[in-house]
Amino acid sequence: MGISDEKVVAVIMVGGPTKGTRFRPLSLNIPKPLFPLAGQPMVHHPISACKRIPNLAQIYLVGFYEEREFAMYVSSISTELRVPVRYLREDKPHGSAGGLYNFRDLIMEDNPSHIFLLNCDVCCSFPLPEMLEAHKRYGGMGTILVIKVSAESASEFGELVADPVTNELLHYTEKPETFVSDRINCGVYVFTPDIFTAIQGVSSQRKDRANLRRLSSFEALQSATRNPPSDFVRLDQDILTPFAGKKKLYTYETMDFWEQIKTPGKSLKCSGLYLAQFRFTSPNLLASGDGTKTATIIGEVNIHPSAKVHPSAKVGPNVSISANARIGAGVRLISCIILDGVEIMENAVVFHAIVGWKSSIGKWSRVQASLTYGYFYMILMTKSYVI
């Protein structure tokens, strides 16, 4: 197979309803991956980034949600991007690496030379073509997207040490108790198919160790509660950590933005990051207006075509307005996500808030967030809110 004929597939892990409980109440009405950021479902952003990968053959979404919850979106995005997108439902938890291995036969149907693995709840610029080129130069089994963060926040993520010249991954530890490095794992990877051999090796080792043990029934029960099943393989602890320093894994550092979307407050911040990125990648998705025939638009704003915004309203920066929303005269919106069917009446003000589906904010109301978990945000989920 020539280089120009090499195919690439992408796998995006979307989790399930038992995951992401910190995202509630927003994930009670809609699967977290379909929650809109910058006017697009959360999962749409990594999918759109995958479209830029040369020779992309297929995109797989892997998770625990019922297939019916993704059927309509998968159909529409496949048509829009003209790339096959398929949802694969896990029957039980297999771990981040085990989930990949569980669908290895489907993933390898197109005989890809490279496999991208992305986490849905990551917000970044997704420099996937650049990662792929670097990965080919390195010649290893896998390449990890990394970023430099503050020493104070590094312990919240997987910390790693890489060779400053070759970029080889030398050491990896997940959420260490003591400081290791200010470089962290971004949750975006590219692998060769050798990753499946590595995952199989971990699984086989566990089976062998279990077979060698001669335990009483009580000890066996205790062991079963302590040790994960052989087909449950974690990418970080079971693959990255043991393969570090063996010339198998390398890093690609991004100098752009990166966030993890774990809470509603982070979703508001990430929506703003994606809106700012649209200025360079998709300016057609940004609204404009000077207050004459349309509302005054300040900074990056996305407005759904079906939304009605009064010309005297002032919107932005960092605002997305979803379908069938109605924004009245004199309304001021700053740093907020307005979801489907919301009505905001005359002269109301909304700062740093997520206004839930079909909510109503009365005339002259003021909705302004307080500092919560380090972020300014408020979630308004009631049907009516009038001051």
Side-chain angles (χ1 to χ4, degrees), residues 25-26 29-30 34-42 44-45 123 257 261 264-372 375-387:
L26 301 177
N29 293 350
I30 188 174
L34 299 182
F35 182 80
L37 301 178
Q40 306 285 349
M42 184 186 299
H44 185 96
H45 299 283
C123 167
F257 65 91
I261 315 168
K266 278 296 185 77
S267 71
L268 194 56
K269 180 179 182 179
C270 291
S271 186
L273 290 171
Y274 280 136
L275 285 170
Q277 187 184 33
F278 285 170
R279 182 69 66 186
F280 306 100
T281 62
S282 306
N284 58 299
L285 296 178
L286 296 177
S288 60
D290 58 6
T292 52
K293 294 183 179 180
T294 58
T296 300
I297 303 298
I298 302 171
E300 289 81 22
V301 173
N302 175 271
I303 301 176
H304 192 275
S306 65
K308 296 181 179 178
V309 183
H310 196 278
S312 65
K314 188 176 289 187
V315 182
N318 182 19
V319 174
S320 65
I321 302 175
S322 299
N324 302 310
R326 301 181 303 280
I327 311 300
V331 167
R332 183 71 176 100
L333 303 178
I334 299 175
S335 187
C336 53
I337 297 174
I338 310 299
L339 296 174
D340 292 6
V342 167
E343 180 181 21
I344 303 180
M345 299 181 189
E346 292 88 336
N347 300 307
V349 177
V350 181
F351 285 172
H352 305 293
I354 300 170
V355 184
W357 299 270
K358 298 182 180 179
S359 296
S360 179
I361 297 178
K363 299 177 181 178
W364 294 98
S365 297
R366 184 182 182 94
V367 179
Q368 184 168 356
S370 58
L371 186 64
T372 308
Y375 301 95
F376 284 99
Y377 75 94
M378 172 183 287
I379 306 173
L380 181 61
M381 298 293 286
T382 56
K383 296 297 181 184
S384 179
Y385 185 91
V386 181
I387 296 178

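All heavy atoms count here, side chains included; hydrogens, waters and symmetry mates do not. Everything numeric here is computed off the predicted structure, so don't read it as measured data.
- Of the possible donor and acceptor atoms, one in the side chain of Ser267 sits under 3.5 Å from a partner among the backbone N and O of Pro264.
- The shortest heavy-atom contact between Val301 and Gly316 is CG2-CA, 3.6 Å.
- Nearest heavy-atom pair across Ala348 and Ile344 is CB-CG2, 3.7 Å.
- Without hydrogens or angle criteria, Thr281 side chain to Gln277 main chain gives a donor-acceptor distance under 3.5 Å.
- Looking at Thr294, its side chain never comes within 3.5 Å of a backbone N or O of Pro311 through a donor-acceptor pair.
- Residues Ile337 and Leu268 share a closest heavy-atom pair of CG1-CD1, 3.7 Å.
- Atom-to-atom distance recorded for Glu300:CD and Leu285:CG is 12.5 Å, nearest 0.5 angstrom.
- Under the salt bridge (charged side-chain N to carboxylate O under 4.0 Å, His left out) criterion, Arg332 pairs with no residue, sequence neighbours left out.
- Of the possible polar contacts, none joining the Ser359 side chain to the Val342 backbone as a donor-acceptor pair under 3.5 Å is found.
- Side chains of Trp357 and Ile30 form a contact here, defined as non-hydrogen atoms less than 4.5 Å apart.
- Listed by first and then second residue, the side chain to side chain donor-acceptor pair (under 3.5 Å) pairs that reach into residues 340-349 are Arg326-Glu343, sequence neighbours excluded.
- The shortest distance between side-chain heavy atoms of Ile361 and Val331 does not fall below 4.5 Å.
- The side chain to side chain contact (heavy atoms under 4.5 Å, CB included) check on Ser312 picks up His310, Ala329, with sequence neighbours excluded.
- Side-chain contact between Cys123 and Leu37: absent, with no pair of heavy atoms (C-beta onward) separated by less than 4.5 Å.
- A donor-acceptor contact closer than 3.5 angstrom is absent between the side chains of Asn302 and Ser320.
- We find the CD1-NZ distance between Ile334 and Lys314 to be 9.0 Å, quoted to the nearest 0.5 Å.
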Quick one: do Ile321 and Leu333 satisfy side-chain contact (heavy atoms from CB on, under 4.5 Å)? Show the steps, please. CA-CA 10 Å; Ile321 302 175; Leu333 303 178; 4.0 Å; yes
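- Between Ala38 and Tyr274, the shortest heavy-atom distance links the atoms CB-CB, 3.7 Å.
- In terms of heavy-atom proximity, Ala307 sits nearest to Ser322 at CB-O, 3.6 Å.
- Distance check, rounded to the nearest 0.5 Å: CG of Leu275 to CD of Gln40 gives 10.0 Å.
- Considering only heavy atoms from C-beta on, Arg366 comes within 4.5 Å of Phe351 through its side chain.
- Considering CD1 of Ile297 and OG of Ser288, their distance stands at 7.5 Å, rounded to 0.5 Å.
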Between Phe35 and Ile261, is a side-chain contact (heavy atoms from CB on, under 4.5 Å) present by the stated rule, with each step listed? CA-CA 11 Å; Phe35 182 80; Ile261 315 168; over 6 Å; no
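- Ile338 and Ala325 make their closest contact through CG2-CB, 4.2 Å (heavy atoms, listed as atom of the first residue, atom of the second, distance).
- Within the 4.5 Å cutoff, the side chain of Val367 has no heavy atoms near those of the Val355 side chain.
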